[in-house]
Structures are given as structure tokens and as C-alpha cells.
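For reference, the structure is listed below as C-alpha cells.
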Amino acid sequence: MRAQSSATGTAAIAVGDPAKVSAAAGTLQAALGVVAFSLTFPATAWGLEGFGTWTLVAVRSVLAAAIAGSCLLGLRVPLPDRRHWAGLAVVGAGVVLGFPLLTTLALRTSTTAHAAVVVGLLPLTTALLSALRMGTRPSRTFWVAALVGAAAVVAFTVQQSGGALTAADAYLFAALLVCAAGYTEGGRLARVMPGWQVIGWALVLCLPLTVPATAVALSLEPVELTAHSVTGLLWVAVGSQFLGLVVWYRGMAAIGIPKASQLQLAQPLLTLVWSVLLGEHLPVAAPVTAVAVLVCIAVTQRARG
């Protein structure tokens, strides 16, 4: 009997706890989404070297929608239930239109490093909206760690801004709200449909707006095709707008919106690394902020809801 129990236990260990495996896979997918998003600002800065603000935002959405639509059509995915269309509209307004437009406007006058640390408040914003929208109740430890992480980001931002907020910061704070709404709604929908379909249908839903906007923008704004501008456009369209959101929504569905959102505290730090590699100056306070943020990530990921 003992031998049988031992064998059963060994088999269970070999197979692995399905819940733990699922949580690990969800965390990995959400983390991959964060890595993809961390390249968005540097890629946007590159795209602005050859495209106007409105052109870059509209074209990236149309390209991403073309990829998503081809996948949906090729796999003969049926239309979502009508009860999900309102949620998909929120996703489209937040992550397909609002966030790209507002952050691109900000990056006309802001560095990628500065924009990245301001958007570091996105995890806390998403957790707050998730609590309001879905009734989630993270633990007190979770909230304390999230607030400390957000405070570190705010302190860094104010220090880098010389104590005064700019017009670019206003665009970025507005971007936080619309993106958090899109993340919250997308995470909710990813529980009832595959994550890639959530962003896929949101992109397709926006085509009646993005196609005419692309035509108008291309007629009004000059375009200069360079290696930087084309690479930047392709990344924000394929990497940030589609593939990154696919794994991000899958991760949120697996581990929950609050915990997944806190992984984004690492996003500003990753963007700082990319910005330095691309030639921007690394702020002196960045290493201190990095340590504080990474500690907060560890605490929030261990805290129980």
C-alpha cells in the first residue's frame, strides 16, 4: 500500500500540479507581453522619424487588423456573441486607438525613458479598474506593494521632470486610463474566448475608423521610408499591437488581472534598457527605481487575492 502511494506521489510530481503549471504558463505569457510592450516606445520614436503622428497610429492599427483578420478568416472563427461586442469596443477604444494615439502624441516632445516611467503607473491603474469592474479584492499586502511601486515611479517621474508636469505627461496620464480600461475588459473577455481572438476582433471592429483615418493621414502628412521608420512601424503593428496583446490577454486570463498587471512594473525598466541601447542617456535614479520596482513585483506576485 505504501509502495502504491509512493508511486502515485511520484507520478503526480512527474506530471506536475495542473494549477501550478497553468499559473506558471500564464505568468510566462504575461511576461512575454510585457517584453513586447517595453519595445513600443522606442519603436514609436523610430516610426516618428518617417511618419506623422496620425499616420503612424492609423497605419499600425490597419496592419495589425489585416493580420488578425486573416487569422480569424483563415481559421473560420465565428463572430463573438453579441453580449461581448460592448467589451470588445472598450478594448478597441483603449488599446487599439486611445493608448497608441495618446502615447504617440506624448513622444513628439518626450523621451522614451520619461514616457516609460510615467506609464509605470499602468499596473496600479489597471488593478484599480479591475477591482471596480470585476469586483476583485486583492489582499492588503498586494495593495501596499502596488502603491509603493507606483510611488517609486511617480518620484522618478517628478524628479526627471524637474518638479513640473508637462503636456506630454497629460497625454500619458490620459493614456493610462484608457489602456487600463482596455486591459481590464480584455482580461475579462479572455476568460470566455482565446486571447488572440479578443485583440483580433477589437482590431477588426476598429477598421471602419482606422481605414478612413489612414487614407486622410497619408494624404496630409509626409512619409519618409527609412530603415528606422519602417522597422518601428512594423514592430508597433505586429509586435505591440497584435502578438504582444495575444500573450498578454492569455496571461491575464490564467493568473488574474491584478497579478498580471503588476508584472508591468518591470516594463519601464526594460524600456530604459532599450532606450540606452538606442543611444539615450540613462537617468542616475534609474537603478534605485529598478530595485524598488522589482521588490514590489516579487511581493505582489506572492500576495494572495
* Got Q197 and C71 here, is their nearest side-chain heavy-atom distance under 4.5 Å? -> no
* Is it true that a side-chain atom of E221 and a backbone atom of V216 form a donor plus acceptor pair closer than 3.5 Å? -> no
* **Single-linkage hydrophobic cluster V247~V35, side-chain heavy atoms < 4.5 angstrom** => no
* Structure fact -> CG of L129 to CD of E185, rounded to nearest 0.5 Å, is 10.5 Å
* Asked: Same cluster for F142 and L147 if Ile/Leu/Val/Met/Phe/Trp/Tyr side chains link at under 4.5 Å?
  -> yes
* **Hydrophobic cluster identity match, V95 and M193, side-chain contacts under 4.5 Å** => yes
* Looking at CE of M252 and CZ of R191, how far apart are the two atoms once the value is rounded to the nearest 0.5 Å? -> 10.0 Å
* Asked: Mind checking whether F41 and T104 have side chains closer than 4.5 Å, heavy atoms only?
  -> no
* To do: Give, for atom CZ of F173 and atom CG of L177, the distance between the pair rounded to the nearest 0.5 Å.
  => 10.0 Å
* Can W196 and V77 be said to form a side chain to side chain contact (heavy atoms under 4.5 Å, CB included), step by step? -> CA-CA 11 Å; W196 75 272; V77 178; 3.8 Å; yes
* To do: Go through the steps for L105 and R108 under the test side chain to side chain contact (heavy atoms under 4.5 Å, CB included), then give the verdict.
  => CA-CA 6 Å; L105 289 170; R108 294 186 304 175; 3.6 Å; yes
* Under 4.5 Å between side-chain heavy atoms, hopping through other hydrophobics if needed: is there a path connecting L172 to V178? -> no
* Minimal non-hydrogen separation, A65 against L207, with atom names -> CB-CD2, 3.6 Å
* Specify whether W46 and H228 have parallel, tilted or perpendicular ring planes, treating 30° as the upper limit for parallel and 60° as the lower limit for perpendicular. => parallel
* Which atom pair, heavy atoms only, marks the closest approach of G244 to A36? -> CA-CB, 3.8 Å
* Does some side-chain heavy atom of L88 sit less than 4.5 Å from a side-chain heavy atom of P80? -> yes
* Min side-chain heavy-atom separation I67-L63 under 4.5 Å -> no
* Structure fact -> Here the pair of heavy atoms bringing F242 nearest to A64 is CB-CB, 4.5 Å
* Rounded to the nearest 0.5 Å, how far does CD1 of I255 lie from CG of L263? -> 5.0 Å
* **Shared hydrophobic cluster for L102 and L176 (ILVMFWY, side-chain gaps under 4.5 Å)** => no
* Asked: Would you say the side chain of T214 lies within less than 4.5 Å of the side chain of W54, judging by non-hydrogen atoms?
  -> no
* Answer whether the closest heavy-atom distance between the side chains of Y249 and L189 falls below 4.5 Å. => no
* So, for W248 and Y183, is the gap between ring centers shorter than 6.0 Å? -> yes
* Which atom of P78 lies closest to which atom of W201, heavy atoms considered -> O-CZ2, 3.5 Å
* Asked: Do E49 and E224 have side chains that get closer than 4.5 Å, going by heavy atoms?
  -> no
* Asked: Should C206 and L97 count as side-chain neighbours, where that means a heavy-atom distance under 4.5 Å?
  -> yes
* Asked: For the residue pair C179 and L122, what are the closest heavy atoms and their distance?
  -> SG-CD2, 3.9 Å
* Asked: For the residue pair V223 and L218, what are the closest heavy atoms and their distance?
  -> CG2-CD2, 3.9 Å
* Asked: Judged by atom type as modelled, is there a donor-acceptor pair below 3.5 Å linking the side chain of T44 to the main-chain atoms of T40?
  -> yes
* Apply side chain to side chain contact (heavy atoms under 4.5 Å, CB included) to the pair I199 and V96, showing each step before the final yes or no. => CA-CA 8 Å; I199 185 57; V96 176; 4.0 Å; yes
* Between OG1 on residue T112 and CG on residue L272, distance to nearest 0.5 Å -> 8.0 Å
* **Straight-line distance of Y171 OH to F99 CZ, nearest 0.5 Å** => 15.0 Å
* Asked: Ignoring hydrogens and geometry, is there a side-chain-to-backbone donor-acceptor pair from S110 to A106 under 3.5 Å?
  -> no
* Backbone N/O of F51 and side chain of T55: donor-acceptor pair under 3.5 Å -> no
* Tell me, please, which residues at least two apart from S229 pass side chain to side chain donor-acceptor pair (under 3.5 Å). => T226
* To do: Please check if the side chain of S61 supplies one atom and the backbone of T210 the other of a donor-acceptor pair under 3.5 Å.
  => no
* To do: Quick one: do V90 and W85 satisfy side chain to side chain contact (heavy atoms under 4.5 Å, CB included)? Show the steps, please.
  => CA-CA 9 Å; V90 174; W85 282 104; over 6 Å; no
